[in-house]
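The structure appears right after this line, and notes come after that.
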Amino acid sequence: MARPTFQTLPGTRDLLPPDTDRFRALVGVFADEAARSGFSQIVPPIFEEIGVFTRLGEATDVVTKELYAFEDMGGRKQALRPEFTASVCRAFVQHRPLLPWKSWYAGPAFRQERPQKGRYRQFEQVGAEAIGSHDPDLDTELIVLAARFYQRLGLKDITLVLNTLGDKADRPAFLEALRDYFGQNLDALSQKSRETLSLNPLRVLDSKRPDDQPLIESAPRITDYLSSGAGLAFERVQAGLEALGVAYELNPRLVRGLDYYTRTTFEFLSSSLDAAQNAVGGGGRYDGLVADMGGPDEPGVGFALGVDRTVLACDSEGVFAAPDTRTQIFVVSTTGGLEGLKIAEELRSAGLRVDRAVDHRSMKAQMKAANRSRASLAVIVGPDEVAAGTASLRPLDDRPQFVVERTELVSRVKEFFPS
RNA sequence: GUGGUCGUAGCUCAGUUGGUUAGAGCAUCAGGUUGUGAUCCUGAGGGUCGGGGGUUCGAAUCCCCUCGAUCACCCCA
């Protein structure tokens, strides 16, 4: 096909109906679940001072090579948000709300990477964050909130994977152990992983390269390096999930890509997704991040779910269809006057979904448009109806057409749509 | 950033070993008597075959470059 002059940039796309209805409904479900769990919505700006995001970690790809950074006219360095957590922490520090601060959000985030299935440069997330409490039961609540959301969409093939990364203080010894271990087996490690090792040894555990698997399998485990506090918290989260009947898998190699995570980390994987990008959501605790933003040393825990991937998962499981926003009534008018327009607005005022033929085309053309709109009723006004003070109602199925008084039009049409 | 695959009408695709005005289905529009859709019939519009260059008497078909899409690596939602 000959390409148009302009088209969407790589990794971006137009969301068109009926997907738009579906996205909106999905966010609606999440908003409802979040509110049930005591979270209120926050809408941070889409771009921030670049420092807000670079605080996420010097070793994270999200910051070092995927950030959409730019300067404003005054030379101020800023960037499109690659995720929400940083913005939420910044907002917390800026406004100092009461603790715990529980907020949810929905909106686009931006990462400049090569697009592929389930991975876009502009992608949609919903998520929730709670700042100001160490309570591991809060971790559990967050996880269950996400799980309930998936459940309400109708998704079944979702696996919850759980791990802990320990406290900041536990980290150095563990990292050292990893460096030693992998360092001694350097020749058994893939080239890529060797590079990763020098940057962030944790991330080597996350390698998907088959060659690395045997080595990773017997690598040191964080659980052996946990402080008692972190260990107890991890047990408490597991106990909570068990008490609530939420299934999970432990995976000591789950490290997640952002450097700020501490203690609990989790990921939701869709097994029905035939794409490499099968993580539909993830999150964890970030106990030092608020302080890094220049705020008080308040802990935080939260998650983000990828809306685009979740929708893909819904597709492959055949669940969560778009809600019906179809036109109910289609107004056909051949008078050339304003009667059709008036009727359409009257019916709209009465709360019905009404569309109308434009451009004064032939009745046949208007009826075709009516049929295409998938409305179930056509209201027809021509010269005869106007003269007689009536309107013709034509059901767009097999039922017979009938005539109603113009003055009773709205009530007669409403009768046609019970409920 | 690296690699694989792909790029013909709005959509899904044909297009034989390079050979005359590039096709189909769906969709769109208009007709099939005077005001009636979804079915059926007839017809019409719509493509410089992603773009540029080259080989050739001749290229949608072969070669090179480029752009784009897609999938994967990496990484993550």
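Throughout, protein chains are lettered first and strands after them, A, B, ... in sequence-line order, and every chain is numbered starting at 1.
Annotation: the span from F110(A) atom CZ to T12(A) atom OG1 amounts to 10.0 Å, rounded to 0.5 Å. For the atom pair CZ (F417(A)) and CG (L377(A)), the distance works out to 5.0 Å, reported to the nearest 0.5 Å.
Between the C1' atom of rU34(B) and the CG atom of D384(A) lies a distance of 12 Å, rounded to the nearest Å. Atom CG of N371(A) and atom P of rA38(B) are 6 Å apart (whole Å). To the nearest angstrom, P of rG35(B) lies 13 Å from CD1 of I380(A). Regarding D397(A), its CG atom lies at a distance of 19 Å from the P atom of rU36(B), rounded to whole Å. Nucleotide rG68(B) holds its P atom 9 Å from the CG atom of L9(A), rounded to whole Å. Separating the CD atom of Q7(A) from the C1' atom of rG7(B) is a distance of 12 Å, rounded to the nearest angstrom. Nucleotide rG37(B) holds its P atom 10 Å from the CE atom of M363(A), rounded to whole Å. With rounding to whole Å, K364(A) atom NZ is found 13 Å from rC40(B) atom P.
Nucleic acid contact class of E385(A) (heavy atoms, under 4.0 Å, all strands): base. If you check every strand for non-hydrogen atoms under 4.0 Å, P383(A) touches nothing. Using a 4.0 Å heavy-atom distance criterion, Q366(A) is classed as making no nucleic acid contact.
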Nucleotide N/O to protein N/O under 3.5 Å, stretch nucleotides 72-77 of chain B:
unit_1, atom_1, unit_2, atom_2, d
rA72(B), OP1, A276(A), N, 2.9
rA72(B), OP2, Q116(A), NE2, 3.0
rC73(B), N4, R119(A), NH2, 3.3
rC74(B), OP1, R209(A), NH1, 3.0
rC74(B), N3, R119(A), NH1, 2.9
rC74(B), N4, Q116(A), OE1, 3.1
rC74(B), N4, R119(A), NH1, 2.6
rC74(B), N4, Q277(A), NE2, 3.4
rC75(B), O2, R119(A), NH1, 3.0
rC75(B), N4, K208(A), NZ, 2.9
rC75(B), N4, Q277(A), OE1, 3.4
rC75(B), N4, Q277(A), NE2, 3.3
rC76(B), OP1, G257(A), N, 3.3
rC76(B), OP1, G257(A), O, 2.7
rC76(B), O3', R111(A), NH2, 2.8
rC76(B), O2', R111(A), NH2, 2.1
rC76(B), O2, Q277(A), OE1, 3.4
rC76(B), O2, R309(A), NH1, 3.0
rC76(B), O2, R309(A), NH2, 2.7
rC76(B), N3, Q277(A), OE1, 2.9
rC76(B), N4, K208(A), NZ, 3.3
rA77(B), OP1, R256(A), NH2, 3.4
rA77(B), OP2, R256(A), NH1, 3.1
rA77(B), OP2, R256(A), NH2, 2.7
rA77(B), O4', Q125(A), NE2, 3.0
rA77(B), O3', G281(A), N, 3.3
rA77(B), O2', A279(A), O, 3.1
rA77(B), O2', V280(A), O, 3.1
rA77(B), O2', G306(A), N, 3.2
rA77(B), N7, R111(A), NH2, 3.4
rA77(B), N6, E113(A), OE2, 2.9
rA77(B), N6, Y120(A), O, 3.4
rA77(B), N1, Y120(A), N, 3.2

Do any N or O atoms of the protein come closer than 3.5 Å to N or O atoms of nucleotides 43-46 of chain B, and which pairs are they?
none

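With respect to the salt-bridge test (charged N to carboxylate O, under 4.0 angstrom), the residues E49(A) and R90(A) do not qualify.
Straight-line distance between the P atoms of rU70(B) and rC13(B): roughly 15 Å, to the nearest whole Å. Here the separation of rA27(B) from rA38(B), taken at their P atoms, is 10 Å to the nearest Å. Across the C1' atoms, rA69(B) and rC11(B) are found 16 Å apart, a figure rounded to whole Å.
By the 6.0 Å and 45° rule, R111(A) does not stack over the aromatic ring of Y68(A).
Using Watson-Crick or G-U wobble geometry with both donor-acceptor distances under 3.5 Å, rG25(B) finds its partner in rC11(B). With both pairing distances under 3.5 Å, rC73(B) is matched to rG1(B) as a Watson-Crick or G-U wobble pair.
Side-chain polar atoms of Q366(A) and T334(A) form no donor-acceptor pair below 3.5 angstrom.
Between R372(A) and rC29(B), a side-chain N or O to OP1/OP2 separation shorter than 4.0 Å is present. Remark: R361(A) is in phosphate contact with rC29(B), judged by side-chain N or O atoms under 4.0 Å from OP1 or OP2.
When side chains are defined from C-beta on, V307(A) does not count as touching F30(A), because their heavy atoms never get closer than 4.5 Å.
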